[in-house]
Amino acid sequence: MSQLQTLRGMVDLLPEQTRRWQAVESVAREHFRCAGLDEIRTPLLEFTDLFARGIGEATDVVGKEMYTFLDRGDRSCTLRPEGTASVVRAALQHGLLSQGPQRLWYGGPMFRYERPQAGRQRQFHQIGVEFLGASSPRSDAEVIALAWDLLSALGIQGLKLEINSLGTPEDRQRFRSELVGWLEERVEQLDPDSQERLSTNPLRILDSKDKRTQLLLNEAPTLLGALSEESVRRFDEVCALLSALQIPYQLNPRLVRGLDYYGHTAFEITSDQLGAQATVCGGGRYDGLIQQLGGPATPAIGWALGMERLLLVIAAAAQADPDGPAARLTATPAPLVYIINRGEQAEPQALLLARQLRGAGLAVELDGSSAAFGKQFKRADRSGARWAVVLGDEEALAGTLRLKPLRGEGEEQQLTWEDALSYLTKQR
RNA sequence: GCGGGUGUCGCCAAGUGGUUAAGGCAGCGGCUUGUGGUGCCGCUAUACGGGGGUUCGAAUCCCCUCAUCCGCCCCA
């Protein structure tokens, strides 16, 4: 293929797709508005150091998935692989935290150099929420509810919310050595990947997909068992609040997140419609991150959801229920009016007419072909427009137009522009 | 980074060594040169992702390469 094309893992959104994206984005925007969140937009490019320090040097994301390069000034730059670190950086840089707790949302492209797969591209898009300066268990429940309700509003069903507590750094430290000690006595029963992780990132062994490892882990010490009393109490409270909100959840003591900054509450929302990349939304509490990035000790919690995956799930939901809310999101809009025009006098006038109707907020498609009327009618019909306006030289000379309903009943009528405009405005 | 599948017109797709590479959808033109939705007719791949090889002969076999998809890994 010598033709120009996108880089691997980079995807064009063609108009039909873009429409769906916009529909989802507007639902999300409205959802966040009602919840009193403010949007924040940060650059796609940051100093590499932000992610190295924020996400953790040892994580896979930082270690082998980042788009990192030197700019012309020899600064090491990285295309953001996730949103949280940037949001925290921006909040610190501009002193947002001194104005009190921040309830923020963001959206946009993220970049990870991975092998593309279903629900996984190299440039992908997230919508995320970050509550900075929120410490109470109630904020955990509110943040999770925000994600859950957004997904419900989009008409998605069959989602599973899994939740776990990762405790404090001390809890994890204690558990790590406990787990490593236990597993080291049984190394030969672990799959090769997990053996590797025993020294690099032992907690991640917990969500290994290997059957034998899973089985073995049934006997292993659990994270919940290693939590301090206080951590347990906190987690119980979060769970109780979720129950009170009637948000169904499942405890998953094996749920571990891949980014170092998570602690206490961690959760994932998964769908069975997605193949291997089942996580639609994931997040958790990150009380240590802000301080780690040079700010004041500030508790925080957030989540991110993957747009591409969300759209896949919506497509599945739309197919399952052709009249449901998901299907409405994917519907194709048609213009209200299609202007059929032909002739030396008529064509410039049609352009003017289109402009007037559009100025009144009507969706108007203007045929630019100068083709025979029959041809243009065919196109008008296919456009899905409810009305055809016919403007030929005959009408142009009379200062009128013909208005013909294309869908319902009714006769074609000849009207002045003014009358047509007020009539169509009422039809909208 | 590893493993497997696939690559024929914008989309779907037949074709599995032998004269001109089916068909459908979409598009364009016409029947219908001022009135659509149906119908009918016509047009649209010197070309089968790219390169090399085997052969008298390849979309069809072999090798390499690229792309894509699925899984591992990772994560949203």
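Bear in mind that the values here come from a model prediction, so they are computed numbers and not experimental data. Throughout, protein chains are lettered first and strands after them, A, B, ... in sequence-line order, and every chain is numbered starting at 1.
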Side-chain donor or acceptor of A:Ser199 paired with backbone N/O of A:Glu196 under 3.5 Å: yes
C1'-based separation of B:rU68 from B:rC31 [nearest Å]: 44 Å
Parallel, tilted or perpendicular: ring planes of A:Phe32 versus A:Trp303, cut at 30 and 60 degrees: tilted
Expected list for residues 215-223 of chain A: side-chain donor-acceptor pairs under 3.5 angstrom, two or more places apart:
{"residue": "A:Asn218", "atom": "OD1", "partner": "A:Arg254", "partner atom": "NH2", "Å": "2.7"}
{"residue": "A:Thr222", "atom": "OG1", "partner": "A:Gly225", "partner atom": "N", "Å": "3.1"}

Nucleic acid contacts of residues 344-352 of chain A, taken as heavy-atom distances under 4.0 Å to RNA chain B: none
Side-chain donor or acceptor of A:Arg197 paired with backbone N/O of A:Pro202 under 3.5 Å: no
Pairs flagged by salt bridge (charged side-chain N to carboxylate O under 4.0 Å, His left out) wherever residues 81-91 of chain A is involved - sequence neighbours left out: A:Glu46-A:Arg89
Letter per nucleotide, 5' to 3', of nucleotides 68-76 of chain B [B base touched, S only sugar-phosphate touched, - untouched; heavy atoms, 4.0 Å]: B-SBBBBBB
Inter-nucleotide C1' distance (B:rA21, B:rC63), Å rounded: 25 Å
Heavy-atom donor-acceptor pair, A:Ser208 side chain to A:Ile205 backbone, under 3.5 Å: no
Contact state string [nucleotides 32-38 of chain B, B base, S sugar-phosphate only, - no protein heavy atom under 4.0 Å]: -SBBBB-
Charged tip of A:Arg122 within 45° of A:Tyr113 ring normal and under 6.0 Å: yes
Lys NZ or Arg CZ of A:Arg19 over A:Trp21 ring: under 6.0 Å, within 45°: no
Rounded P spacing from B:rA59 to B:rU16 in Å: 13 Å
Polar side chain donor-acceptor pair, A:Thr68 to A:Thr78, under 3.5 angstrom: yes
Residues that A:Phe69 engages under ring-ring contact (aromatic ring centres under 6.0 Å, His included), provided they are two or more places apart: none
P-based separation of B:rG15 from B:rC61 [nearest Å]: 13 Å
